[in-house]
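Take a look at the structure set out below.
Side chains are part of it too, since the values below use all heavy atoms of this structure and drop only hydrogens, waters and symmetry mates.
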Amino acid sequence: MRSGLGGGMRSGTGPGLMRSFRRDGTVTSVRLSPGIYRRIAGFATPYRWPLAAFLVLIILDAVINAANPLIYRAIIDDGALGRRPALIVQLALLLAVLAVGDALVSLGQRWISARIGEGLIFDLRTQVFAHVQRMPIAFFSRTQTGALVSRLNNDVLDAQRAFTDTLSSVVGNVFGVAITLVAMLFLSWQITVVALLVLPVILLPARWVGRRVQAITRESYELNARMTNTMTERFNVAGALLVKLFGNPQDETQSFEQKAGRVRDIGVTRAMYARLFRAAILLAAALATALVYGWGGLLAADGDLQVGTLVALAAYLNRLYAPLTALSNVQVDVMTALVSFDRLFEVLDLQSIVADKPGAVDIPRGPATVEFDHVDFRYPGAEEVSLASLEAVATLDQAPSQAVLFDVSFVARPGELVALVGPSGAGKTTISSLIPRLYDPRAGAVRINGVDLRDASLDSVRCTVGVVTQDAHLFHESIRANLLYANPGASDGELVDALRAAQILPLIESLPDGLDTVVGDRGYRLSGGEKQRIAIARLLLKAPDVVVLDEATAHLDSESELAVQVALKVALRGRTSIVIAHRLSTVREADQLLVISEGRIVERGAHAELLALGGLYAELYRTQFVHQRTPATAPEDL
């Protein structure tokens, strides 16, 4: 017979039970979204038969474990005391068979649990990831990346536990406690009632420990989140450079040590609480066992209770207290899972303001005409694109955004280069963002080859329009992978041709790993000009009909700018191009110059025409020309 606390307390006092008491008890007061149970059932529907088999195995496991003490009773009372050795052998063999069966049931239960759990994690993560990928750029400009990643990691795992850990714990403990109590009442209802009086010795400390564990666990989570944020900001290239230039490594280390030290102290405290909790259960089990053996022994001595029954009652006690304790906190477990589902559904319910219409059409490929037809625009408000929980604020900003474009109209014909110029903040980048449909206009229309972009499929817009920004982003992957992102089916020959046209092939060939060279975080292993030329090569591989350049040479030195300009001539040849430039000398040959001021086109025409007009363009050009020709200011004049 397995004696002591370890005698089959399958829910036990291990990590599963203590995790229950580490959960935040405040979740029980959270108001859930209507229809959440139906939506959760929708996720569970593909797993209904595995779930049914899982429940059957949980119940079978509880029945097998409840049968063992009755066999102990029969071995002692009917076998040993009845002097029937054959029966003892048979019952011992039955125990062995049940042990093997229980092991097989446990393996089957774990296999099904893993299949269900990992399947749900896959379903939830892929659905949320795919949905987030479809969100507009305005969503990402407001959302905290860490909060969004947490939805894909922590909340998905907590939601998955609803169908594995929590379900198995609740069902297994309910059936285990029910079968155990029925068996104990059948054997001796008097001893069973008295044994249950010891239960407060467990539950009262459990609730006390639970409240304190929840409090320090919340603090631990907050500190870990802050440490993670610190590491994320300091360990990327830009953050590390800032620390090197302006920071104090000793202060940084001391600040981190304070947070890490508090997490260490919390870990020690939590370990002691766990030991206290376990000691309470051990004490209760010991007291109950003493009571059963003491009172039951007296009854057995008087002949009012069989010895086997006494042993069976003691064995059942070992299976009673931990499940009852776990069930006392099951509401927190269930609500934690439901809240995690609710947080995931919150993201899935946020609809993209830039999406394909039913029956969206493809933009015809070939020489492209870009038309802005009386376009008005304001950036979307927070409530249109974001969630308060993803911005780490109590409520979203309700103030309406201000209009930034007013009655913008122009046409860029096939093969033309149209330059947008004007002071900073005038609306040039906003105009360029409407062409690849990062946003939709509030009034008017943006058309490519006669198709309103709101009626076009997003896939065809991405195929038609290529963009190079002033800070070209490269993934922390190889040069090859960054190029193939634009055209996954491109051959090595096509990659080489694109790099040659982008004026960077000699550099790539000089690298030890060539195309397989990893560029580092955000491409920081490359210079600004090198990143821009790789971005141009990526653009050439995409082969768009419309090219948008947003200050593509703004931050480059003269040598890099010259190389990028040569590469851009290749990229723009034969394509309709919209170029934003602060250096007016780079766009003097544009077919059409649009001067933007305060969200309006205030002047348009060729370079010579606008100079002759003597307006804002002429003023901007003269200012840049004077700055370019004025000798450097002497130190004593600064």
**Request:** Enter the distance from Asp545:CG to Ser460:OG here, rounded to the nearest 0.5 Å.
**Result:** 10.5 Å
**Residues Leu453, Ile363; criterion side-chain contact (heavy atoms from CB on, under 4.5 Å); working and verdict** = CA-CA 8 Å; Leu453 296 188; Ile363 298 173; 3.8 Å; yes
**Item:** Non-hydrogen atoms of Arg525 and Val518 that approach each other most closely
**Value:** NH1-O, 2.7 Å
**Request:** Grab the two heavy atoms, one from Ile479 and one from Gly514, that are nearest each other, plus how far apart they are.
**Result:** CD1-O, 4.0 Å
**Message:** So Asp155 and Leu124, do their side chains get closer than 4.5 Å, heavy atoms only?
**Reply:** no
**Message:** Please determine whether the number of non-hydrogen atoms from other residues, nucleotides or ligands lying under 6.0 Å from atom CZ of Phe129 exceeds 12.
**Reply:** no
**Message:** Is a donor from one side chain sitting under 3.5 angstrom from an acceptor on the other, for Tyr379 and Thr430?
**Reply:** yes
**Message:** Run Arg600 and Asp407 through salt bridge (charged side-chain N to carboxylate O under 4.0 Å, His left out) and show every step you take.
**Reply:** CA-CA 7 Å; Arg600 293 180 169 84; Asp407 196 29; over 6 Å; no
**Pair Phe372 and His374, ring centroids less than 6.0 Å apart** = no
**Request:** To the nearest 0.5 Å, tell me how far Glu477 CD sits from Thr517 OG1.
**Result:** 13.5 Å
**Message:** Looking at Val465, is its backbone amide N or carbonyl O close enough to the side chain of Lys542 to form a donor-acceptor pair, meaning the two atoms are under 3.5 Å apart?
**Reply:** yes
**Prompt:** Cut-off 3.5 Å, side chains only: do Ser457 and Asp356 have a donor facing an acceptor?
**Reply:** no
**Message:** If we ignore hydrogens and angles and just use 3.5 Å, is the side chain of Glu603 paired with the main-chain N or O of Leu616 as donor and acceptor?
**Reply:** yes
**Asked** Is it true that a side-chain atom of Tyr47 and a backbone atom of Gly119 form a donor plus acceptor pair closer than 3.5 Å?
**Response** yes
**Complete:** One should read off an interatomic distance between Arg365 CZ and Thr464 OG1, to the nearest 0.5 angstrom, of 5.0 Å
**Option passing side-chain hydrogen bond (donor to acceptor under 3.5 Å, both in side chains) with Tyr617 (candidates Arg604, His607, Glu609, Arg622)** = His607
**Item:** Exam field: side chain Lys531 to backbone Leu474, donor-acceptor pair closer than 3.5 Å
**Value:** no
**Message:** Give me the atom names and distance for the closest heavy-atom approach of Pro136 to Leu438.
**Reply:** CB-O, 4.4 Å
**Asked** Does any N or O in the side chain of Thr576 come within less than 3.5 Å of the main-chain N or O of Gly415, such that one atom is a donor and the other an acceptor?
**Response** yes
**Asked** Given the rule in the salt bridge (charged side-chain N to carboxylate O under 4.0 Å, His left out) test, do Glu384 and Arg442 qualify, once you have shown the distances and angles that lead to the verdict?
**Response** CA-CA 13 Å; Glu384 297 177 82; Arg442 299 290 173 166; 3.4 Å; yes
**Item:** From Asp342 atom CG to Ile36 atom CD1, the distance as rounded to the nearest 0.5 Å
**Value:** 4.0 Å
**Asked** Can you find a side-chain donor-acceptor pair between Lys259 and Ser255 that sits under 3.5 Å?
**Response** yes
**Message:** Could you tell me if the side chain of Lys357 sits less than 4.5 Å from the side chain of Asp455, heavy atoms only?
**Reply:** yes
**Prompt:** Passes side-chain contact (heavy atoms from CB on, under 4.5 Å), Phe139 versus Ile353? Steps please.
**Reply:** CA-CA 10 Å; Phe139 169 82; Ile353 60 173; over 6 Å; no
**Message:** Using side-chain heavy atoms (C-beta onward) and a distance below 4.5 Å, is Tyr485 in contact with Leu541?
**Reply:** no
**Main-chain N/O of Phe475 paired to Asn482 side chain as donor or acceptor, under 3.5 Å** = yes
**Prompt:** Could you go step by step and tell me if Ile580 and Leu549 meet the side-chain contact (heavy atoms from CB on, under 4.5 Å) rule?
**Reply:** CA-CA 6 Å; Ile580 298 175; Leu549 303 179; over 6 Å; no
**Any side-chain heavy-atom pair of Leu420 and Val579 under 4.5 Å** = no
**salt bridge (charged side-chain N to carboxylate O under 4.0 Å, His left out) between Asp516 and Arg480, worked out** = CA-CA 6 Å; Asp516 295 316; Arg480 183 194 307 276; 3.1 Å; yes
**Request:** Taking Arg538 for its side chain and Ile534 for its backbone only, find out whether a donor-acceptor pair lies under 3.5 Å.
**Result:** no
**Request:** Taking all heavy atoms of Ser432 and all of Val548, pick out the closest pair and write down the distance.
**Result:** CB-CG1, 3.6 Å
**Item:** Validation row: Val354, Arg437 side chains within 4.5 angstrom (heavy atoms)
**Value:** yes
**Shortest non-hydrogen contact between Leu539 and Pro544, atoms and distance** = O-CD, 3.3 Å
**Request:** For residues Ile448 and Pro364, determine if any side-chain heavy atom of one lies less than 4.5 Å from a side-chain heavy atom of the other.
**Result:** no
**Request:** Supply the atom-to-atom distance Arg588 CZ to Leu610 CG, rounded to the nearest 0.5 angstrom.
**Result:** 13.5 Å
**Request:** For the residue pair Pro441 and Val446, establish whether any side-chain heavy-atom pair is separated by less than 4.5 Å.
**Result:** yes
**Fill in**
For Ala159 and Leu344 the tightest heavy-atom approach is CB-CD1, 4.1 Å
**Request:** Begin from the C-alpha positions of Val411 and Thr369 and carry the test side-chain contact (heavy atoms from CB on, under 4.5 Å) through to its verdict.
**Result:** CA-CA 7 Å; Val411 176; Thr369 298; 3.8 Å; yes
**Complete:** By side-chain hydrogen bond (donor to acceptor under 3.5 Å, both in side chains), Asp349 pairs with (sequence neighbours left out) Arg39
**Request:** Output the distance between atom OG1 (Thr126) and atom CD1 (Ile121), rounded to the nearest 0.5 Å.
**Result:** 11.5 Å
**Item:** Contact check, side chains of Leu515 and Ile508, non-hydrogen atoms, under 4.5 Å
**Value:** yes
